[in-house]
Amino acid sequence: MTKRRDILKGLMTLPLLGVASGETLASSTVSKDYDRDYFKELGVRTFINAAGTYTALTASLPHPEVIKAINYSALQFVKLEELQDRVGERLAELLKCEGVMVTSGAFSAITLGTAGVITGGDPEKADRIPTDMTGIKTEVIRQKSHRVGYDHAIRNAGVKIIEVETRKELEAAISEKTAMLWFLNYANPDGKIKDVEFVEIGKKYKIPTMNDCAADVPPAENLWKYIQMGFDLVCFSGGKGLRGPQSAGLLLGRKDLIQAARKNAPPNGSTVGRGMKVNKEEILGMLVAIEVYLSRDHKADWTLWEYQTKMIADAATSVAGVTPEFHVPAIANHVPSLRLRWDAKKIKITPDEARDALRKGHPSIETMGGSESIDITTWQMIPGEERTVAKRIKEILQQASVS
Ligand SMILES: *Cc1c(COP(=O)(O)O)cnc(C)c1O
């Protein structure tokens, strides 16, 4: 009860930031609408997410409109293919591209997109991959600097990854075995071949290009920027900045390739993607998440995140010896972010210990960072929670303060 009051108080003192509608507030009070506290019964602790969109922390809270769509769809039957068709058409309009399919995440968008490219949607080939690649292209080329922990998403389709560094190496690596050229959007600054040139090479050799943009909204324009740049396929996570279901994602791009990808996914049984099921709840939830995301006041969101970040920094730096660093990651997780460091001589607690104290407190608070700092973002917080986070951080640092 106090929690709700605190949140309301927090909202009241905020300048007009477009959150006054209470839309974000709803998710914080949702537990009051239930007569069972399921997580408590299980002994599973909930927490304030001051970390960001991490899979292990269940990523993001769907917008209340998304939850409404999920609940609506849970209570009635539809045909899965028909729903994918209609939602795909609507999403293609909204995202200004030829085709869209809802997947179970960016990871499965990569696998299904790759499977679509190499099988062309032929059910006989879809049945054979990833083990019998007879008559199927088997190589995907990507830049070494674009290596990420998600290689398996590509390899699951049965292909090998060929690493190159320069345009010359890339062109030399292209052969009749080359199925696709793969790009990791946030690594664009690190690679020798930039996005526009990469697309141009794909077009020159008539090889499909795929861009993994999983965590790359905001800004919203990224939802169409890379398709318009000429990438044939683009992948997004549904449960990160888009605040759709965490078990959803989007594959967008050329209509023929989207159709081919779908032949490798449920309800088609003997396919590599059969286990990557999305049901009506995620499919409809994803559509509504995009509708809501596109209609948001993104500038107001940004102002709120900056305000919250500053408030936490102000509280922390009221303890002598604390230094804040404000930064915004250039591409993925492009939001106002805070790094707190402190003078170990003045404050006798390590960042790891402080992070642990935040986690074990009431309420529990999850943050990021290594042995040098506590790293915080506020974009996955419920407005008002920044006050609790600010207060707890200040308390912990103050208690450890020698002065
Ligand atoms: C999160 C992420 C993925 C996986 O996305 P899911 O939606 O969790 O499947 C893939 N690539 C990158 C770059 C990511 O950040």
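Note that ligands are numbered from 1 as they come in the structure, with each ligand's atoms numbered from 1 the same way.
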request  = Using distance alone, with no hydrogens and no angle criterion, decide if His362 and Arg45 have a side-chain donor and acceptor under 3.5 Å apart.
outcome  = yes
message = For Lys360, give me all partners under side chain to side chain donor-acceptor pair (under 3.5 Å), at least two apart in sequence or on another chain.
response = Asp356
request  = Can you spot which of Asn268, Asp85, Thr103, Thr271 makes a side chain to side chain donor-acceptor pair (under 3.5 Å) with Arg262?
outcome  = Asp85
Provide, line by line, the atom pairs where ligand 1 and the protein bring an N/O atom each to a distance under 3.5 Å; else say none.
{"from": "ligand 1", "atom 1": "5 (O)", "to": "Ser237", "atom 2": "OG", "distance (Å)": "3.1"}
{"from": "ligand 1", "atom 1": "7 (O)", "to": "Ala106", "atom 2": "N", "distance (Å)": "2.8"}
{"from": "ligand 1", "atom 1": "7 (O)", "to": "Ser237", "atom 2": "OG", "distance (Å)": "2.7"}
{"from": "ligand 1", "atom 1": "9 (O)", "to": "Ala106", "atom 2": "N", "distance (Å)": "3.1"}
{"from": "ligand 1", "atom 1": "9 (O)", "to": "Phe107", "atom 2": "N", "distance (Å)": "2.9"}
{"from": "ligand 1", "atom 1": "11 (N)", "to": "Asp212", "atom 2": "OD1", "distance (Å)": "3.4"}
{"from": "ligand 1", "atom 1": "11 (N)", "to": "Asp212", "atom 2": "OD2", "distance (Å)": "2.7"}
{"from": "ligand 1", "atom 1": "15 (O)", "to": "Lys240", "atom 2": "NZ", "distance (Å)": "2.8"}

key: Partners meeting salt bridge (charged side-chain N to carboxylate O under 4.0 Å, His left out) with Arg341 (sequence neighbours left out)   = Glu325
request  = Name all residues meeting the side chain to side chain donor-acceptor pair (under 3.5 Å) criterion together with Ser337; count only those two or more places apart in sequence or in a different chain, and write none if there are none.
outcome  = none
message = Taking salt bridge (charged side-chain N to carboxylate O under 4.0 Å, His left out) as the criterion, tell me which of Arg167, Lys204, Lys203, Lys192 meets it with Glu197.
response = Arg167
